Each structure stands twice: as C-alpha cells, then as structure tokens.
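Small disclaimer: the values here were computed from a predicted structure and weren't measured. Labels below follow one simple rule: chain letters A, B, ... track the order of the sequence lines, proteins then strands, and each chain is numbered from 1. The basis for the numbers below is simple: all heavy atoms, side chains too, and nothing from hydrogens, waters or symmetry mates.
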Number of protein chains: 2
Amino acid sequence: MQLVELHKALANDTRMDIMRWMSDPEKNFRPHKDGKDFSDGVCVQVIQEKTGMSQSTVSHYLSILQRANLVITERVGKWTYYKRNDETIRAFLSELQLTL
Amino acid sequence: MQLVELHKALANDTRMDIMRWMSDPEKNFRPHKDGKDFSDGVCVQVIQEKTGMSQSTVSHYLSILQRANLVITERVGKWTYYKRNDETIRAFLSELQLTL
DNA sequence: ACCATAAATCGAGGAATGTCGATTTGAAGG
DNA sequence: CCTTCAAATCGACATTCCTCGATTTATGGT
C-alpha cells in the first residue's frame with residue numbers, strides 16, 4: 001500500500017467526487033440506460049456525464065484511481081463498470097491512523 | 001477543512017516523512033544545538049539535515065504543510081520551530097472516515 | 001462485412017509542482 | 001554599525017499533472 005500514491009490519487013476534486021459518489025450510486029448517478037443496477041459498479045459514461053468533463057479525462061482519472069487500487073473494474077460487453085475498492089480504502093484509513 | 005488540499009500537501013514522500021518524524025522528534029531528529037527540547041517543535045535546520053534536501057526546498061515544503069494547517073509555527077529569535085497540528089490531523093482523519 | 005457505441009489511448013498545450021542555488025530578510029552578538 | 005547565522009523568498013528549469021479533441025480498440029447488432 002503506497003500511502004503517498006493514494007494521496008496523489010485523491011489530490012484532485014473530480015477524483016475525490018467520483019470516489020464519494022460511488023459510495024451511493026443510486027443516489028448520485030442516473031440509472032444505466034439498459035436498466036442494469038449498480039451492483040457491478042457504474043459505467044464510464046454515467047460517471048462522465050455527472051462530472052461534466054470530457055470522456056478522455058474521466059477515463060484517465062478512472063485509470064489513476066485504478067492504479068492506486070481505489071476502484072475495481074469489470075468489463076461486460078461494451079461497458080466497463082467501476083466500483084469502490086473498500087478493502088483498499090479501509091487499509092488506507094487505518095494506515096493513516098497509525099502512521100500519520 | 002479542505003480535504004483535497006490536505007491530500008495535496010501529503011502527496012509527497014518528503015512531506016509525509018516530515019509529518020511522521022514530527023510524531024516523535026526525540027526519536028527521529030538530532031538534538032538542537034543549544035540543547036533546547038522539542039516541546040515547541042523542531043527548527044528548520046534540523047528537519048533539513050534529516051531530509052538531505054536543500055534549505056530552500058525544505059522551507060518551501062514546510063510552508064506548504066503550514067498552508068494546509070498541518071503544522072504550527074513558532075518563531076523564537078532566529079529560529080522557527082515547526083510542530084504537528086494534531087487538531088487538523090484528527091479532523092482530517094474523521095472527515096475522511098465520514099466522507100470518503 | 002459494416003456500422004454504431006463504449007471505452008481506452010494518443011498527442012498536445014498550459015498549469016502546477018519539485019528542486020536547486022542565489023539573494024534577501026530578520027535577529028543576535030560583539 | 002557590522003557580521004553572522006537561520007529562515008524565507010526569488011528566479012529558473014525540469015518534471016508531472018490537467019484537460020482537451022482526435023484516433024484507436026473492443027464489442028454488439030444488422
């Protein structure tokens with residue numbers, strides 16, 4: 001667990017927003033067009049619309065969150081679903097508690 | 001409390017090290033030359049030696065930590081002493097707990 | 001095969017950060 | 001006053017980050 005890498009990943013308003021929104025997707029995102037629920041995560045398009053930023057930027061941000069292991073990815077057909085990786089988040093918080 | 005600003009301040013190995021070292025100055029820093037203890041904090045020189053970086057860089061880093069309210073400064077004569085601001089750190093951790 | 005859609009990657013410009021040495025400011029002591 | 005030492009600020013350059021539009025890579029449907 002790279003503490004500093006995690007801080008870098010979270011040192012951006014949009015990425016922080018995304019992490020928070022993903023805590024409660026039903027509340028924070030519009031539904032998927034095919035009606036699929038959020039149990040596997042949220043697809044990039046829906047996240048992108050919410051942020052109001054370009055598709056490439058959001059895709060890039062998601063890859064940064066993924067490199068930091070803050071999110072888990074699952075590809076299903078054309079779609080890629082992203083959801084929080086709660087294990088990393090828990091580990092991050094307790095490491096911070098101990099070492100900061 | 002600017003969550004993202006705090007993450008930025010901590011998104012650097014040296015700054016993170018400094019914060020951690022300041023948790024236990026007796027253990028992590030050499031004593032002050034005049035024998036003064038660390039109750040008011042650690043002077044810049046001593047921190048600088050420990051990091052091995054230039055004086056200007058360390059002074060700059062300390063100002064970043066201060067802008068984020070992660071440290072408290074006290075000027076005494078020629079020296080400036082820096083110590084952790086535990087209140088901000090506590091608030092940061094609990095805010096992260098709640099909102100991340 | 002061909003088209004449409006979702007996501008990732010590429011290339012680029014500007015902004016912010018990292019880092020240094022040099023200079024300036026401020027305080028203490030002779 | 002003048003010197004000396006600690007710390008802050010300045011100016012510069014290199015690296016990283018932000019953000020976009022354009023292109024490419026999957027995948028599905030007709």
Positions of residues 12-43 of chain A (non-hydrogen atom under 4.0 Å from DNA chain D), listed by number:
A:Asn12, A:Arg15
Salt bridge (charged side-chain N to carboxylate O under 4.0 Å, His left out) against A:Glu95, all qualifying residues, sequence neighbours excluded
none
Sequence-distant partners of B:Ser54, side-chain hydrogen bond (donor to acceptor under 3.5 Å, both in side chains), two or more places apart:
B:Ser56, B:Thr57
Return whichever of A:Ser56 or B:Val46 has its heavy-atom-nearest nucleotide of DNA chain D closer to the 5' end.
B:Val46
Set of residues satisfying side-chain hydrogen bond (donor to acceptor under 3.5 Å, both in side chains) with respect to A:Asp37, sequence neighbours excluded:
A:Ser39
With B:Glu74 via salt bridge (charged side-chain N to carboxylate O under 4.0 Å, His left out) - residues at least two apart:
none
Given A:Leu100 and A:Leu3, is the side chain to side chain contact (heavy atoms under 4.5 Å, CB included) satisfied, shown in steps?
CA-CA 10 Å; A:Leu100 176 58; A:Leu3 210 43; over 6 Å; no
B:Lys36: which residues meet the side chain to side chain contact (heavy atoms under 4.5 Å, CB included) condition with it, sequence neighbours left out?
B:His32, B:Asp34, B:Asp40, B:Tyr81
What residues form a side chain to side chain contact (heavy atoms under 4.5 Å, CB included) with A:Leu93, not counting sequence neighbours?
A:Ile89, B:Leu96, B:Gln97
Applying salt bridge (charged side-chain N to carboxylate O under 4.0 Å, His left out), name anything that partners B:Lys50, two or more places apart in sequence or on another chain.
none
Contact check, residues 57-85 of chain A vs DNA chain D, heavy-atom distance under 4.0 Å, returns A:Thr57, A:His60, A:Tyr61, A:Gly77, A:Lys78
Between which nucleotides of DNA chain D, 5' to 3', does chain B make heavy-atom contacts below 4.0 Å?
D:dC5 to D:dT9
Would you mind reading off the distance between B:Gln55 atom CD and C:dT23 atom P, rounded to a whole angstrom?
14 Å
Counterpart residues, salt bridge (charged side-chain N to carboxylate O under 4.0 Å, His left out), relative to B:Arg75 (two or more places apart):
none
Using the test side chain to side chain contact (heavy atoms under 4.5 Å, CB included), find all partners of B:Arg67 that sit at least two apart in sequence or belong to another chain.
B:Ser63, B:Ile64
